[in-house]
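The analysis underlying the following values was restricted to heavy atoms, covering all of them including side chains, and did not include hydrogens, waters or symmetry mates. Read the numbers this way: they start at 1 and go in the same order the structure lists the ligands and their atoms.
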Amino acid sequence: MCGIIGYIGSRKASEVLISGLSHLEYRGYDSSGIALMHGNSVDVYKAQGKLVNLIEILKTKQDICDISHIGIGHIRWATHGLPTTVNAHPHTCNCKNLTLVHNGIIENYQELKEILQKEGCIFQSQTDTEVAAHLIAREYGKTNNLLKAMQSAVKQIKGAFAFCAIHKLEPDKIVVAKRNAPLVIGLGEGENFVASDIPAIIEYTKKAIYLSDNEVGVVEKNSIQIFDENDKLIINKVEYLPFEAVAISKMGYKHFMLKEIHEQSDVVRNVLSGKLLGINNEIKLEEFKLTPSEINKITRVQIIACGTSLHAGMVGKYIIEKFAKIPVDVEPSSEYIYRDTIADENTLVIGISQSGETADTITAIKQVKEKKSHIAIITNRADSTMARLADSLLPVNAGIEVSVAATKSYMAQLISLYLLSIFLMEQKFGPSAINDEVKTLKQELIELPSKIEALLENASNIQRVAKKYANYKDFIFIARGINYPSALEGALKLKEISYINATGYGAGELKHGPIAMLDENMPVLAILNTGIVYDKVLSNCEEAKARQAKLIGVTNYIADKDVRLFDDIITVPSGSDLISPAVNIVVLQLLAYYIAEYLGKDVDQPRNLAKSVTVE
Ligand code: F6R
């Protein structure tokens, strides 16, 4: 994880770096630092904790900030060494000529460190990055050329990295390199930028070059040169960035998470647009590249993802099996990697990822790609590493998601999976497969944005429930069938932003162990949707009530005789079981949000987390 930024031009480098880092905080926020070049000097400033701490330090360094127009910066999510000031980046070599920021993990850092120590290098920090700083500096000693030093160093490094380096003896350039970690170069007039991600530079430029793995680049004020691993100068494609600066502002909401929850009705409209053209029409999914006869040959589907994206995949299993009649396995990417998975050219692999940069999912996808399976990627970032690995790229266009807790991207993934499931069915079985159930689902997808809006307009009941339960230490979420993943996702949302111990269970599993935990101190939130499992979940609620648990029902229907069971009821708009995960989740997101907000937690940047998990 971590975010890196670099600037060279005529603006005050410190301002560009700090603004860039503030937009990269989703990648980590346990410490930060910048290095400012002026003449042949470099000053490094670092701070533990949030970026504001660094900003405070810089207020006392205005003289340097005023004269520096070249610099590099970093925001950290600790992997090697505690989140302390000494471990914060930038790191330097012993003679302090070279300064480096790094995102990624250097796997052979111990080995390299021992060699460098024997050669006399003295280490200040516990980081793997400092090893790279000393290594590049050593190579500089042999070459007197920062580009060549970087090229030589990266050949000795195993693992993942995006590097930005500056050197006192070459004060007019930033040298960059990357492997298995994102890095983009933003192009300006008489200035250039380097960043881990677009939000860091979007206010300055809409033109960028994405570096590919093992490329090394020299970024100067008026030029950019990129070399491949054979030292050949290459011309990378200039791409036009799809985002507006406004997409990364809170637009008056207290937190990004609340804004992003409110954007979900538009996200649904976006994802459906051009694809769902009416209840009697077939779904149009031009991005899906398999022909009907190839789809007919698919014998299994494997969905690989992590966290919230995994929960979307679990809903996907339910609807793909229902409509396309193909068996689906869903597995966390981190588990998929380390076993002998069975996949072949008749397997459709669906990778789901908001960021498209999650290391576990990337590794799993690369692994299965070798087995010739068709790779479909559902991602919010069509410019990501995962998108580039796709045979079929299904971008969901939820817009930039800033809050660490995923909300609107989950909604977009769900809608994309609904479309894909119906599409697979229609391609496989032809137009006659569009039966009443499918037509109803299509109609419900069309009506979903207004249902979400209705829910958001009546959030006061959710706010009331949040306040009532905010001080409980534990929570259980239960549901069955297609809403089982909703229970998991609701619990994940609550725990990650409020730090309340919340666990999701299939309601039928309660009696196989978890029921032992129930008493008056354990609220149970039950998702009850009319449909095949309604009565079963209701019985599970009875069982919970009999153990004195406080019961909260999230439901689209409750008979008068059953109201007595519940301490609190949150009503959602009516709808079928099939569409219900996309409705219920909005309640669970809001409940988690209001509880965390009531408890005064750092909603958008919960402790220990980062938005883009680029380490395995
Ligand atoms: C939770 C959350 C994480 C991510 C997970 C995968 O709110 O955001 O659980 O879903 O880290 O990230 P992506 O979807 O970017 O692959």
**OP:** Could you list which atoms of ligand 1 come closer than 4.0 Å to a heavy atom of E496?
**Re:** 1 (C), 7 (O)
**OP:** For A405, take its heavy atoms, then give the atoms of ligand 1 lying under 4.0 Å from any of them.
**Re:** 7 (O)
**OP:** Can you sort out which atoms of ligand 1 are near S309, meaning under 4.0 Å from one of its heavy atoms?
**Re:** 10 (O), 13 (P), 14 (O)
Original post:
If hydrogens are left out, which of I304, T407, T379, T308 has an atom nearest to atom 4 (C) of ligand 1, that is, the closest non-hydrogen atom?
Top reply: T308
Subject >> Contact (N/O only, under 3.5 Å) between A406 and ligand 1 >> reply: yes
Original post:
Would you say D604's side chain and F256's backbone share a donor-acceptor pair under 3.5 angstrom?
Top reply: yes
Original post:
Under 30°, 30 to 60°, or over 60°: which ring-plane class applies to F477 and F475, parallel, tilted or perpendicular?
Top reply: tilted
Original post:
Judged by modelled atom types alone, do Q302 and Y336 share a side-chain donor-acceptor pair under 3.5 Å?
Top reply: yes
**OP:** Can you sort out which atoms of ligand 1 are near S353, meaning under 4.0 Å from one of its heavy atoms?
**Re:** 13 (P), 14 (O), 15 (O), 16 (O)
Subject >> Contact partition for T361 relative to ligand 1, non-hydrogen atoms under 4.0 Å >> reply: neither
Original post:
Which atoms from ligand 1 have a heavy atom of K493 less than 4.0 Å away?
Top reply: 1 (C), 7 (O)
Original post:
Are Q589 and T407 close enough that a side-chain donor and a side-chain acceptor fall under 3.5 Å?
Top reply: no
**OP:** Mind telling me whether Y593 and H255 have parallel, tilted or perpendicular rings, with 30° and 60° as the class edges?
**Re:** perpendicular
**OP:** Could you check whether the rings of H89 and H74 sit parallel, tilted or perpendicular, using 30° and 60° as the cut-offs?
**Re:** parallel
Original post:
Do Q605 side-chain atoms and D602 backbone N/O form a donor-acceptor pair below 3.5 Å?
Top reply: no
**OP:** Below 4.0 angstrom from a heavy atom of G307, which ligand 1 atoms are there? Numbered from 1 as shown, please.
**Re:** 9 (O), 10 (O)
Subject >> Under 4.0 Å to a heavy atom of V404 - the qualifying atoms of ligand 1, by number >> reply: 7 (O), 8 (O)
Original post:
Do E357 and R381 sit within salt-bridge range, that is, some charged N less than 4.0 Å from a carboxylate O?
Top reply: no
Original post:
For Q413 and ligand 1, does the shortest N/O to N/O distance drop below 3.5 Å?
Top reply: no
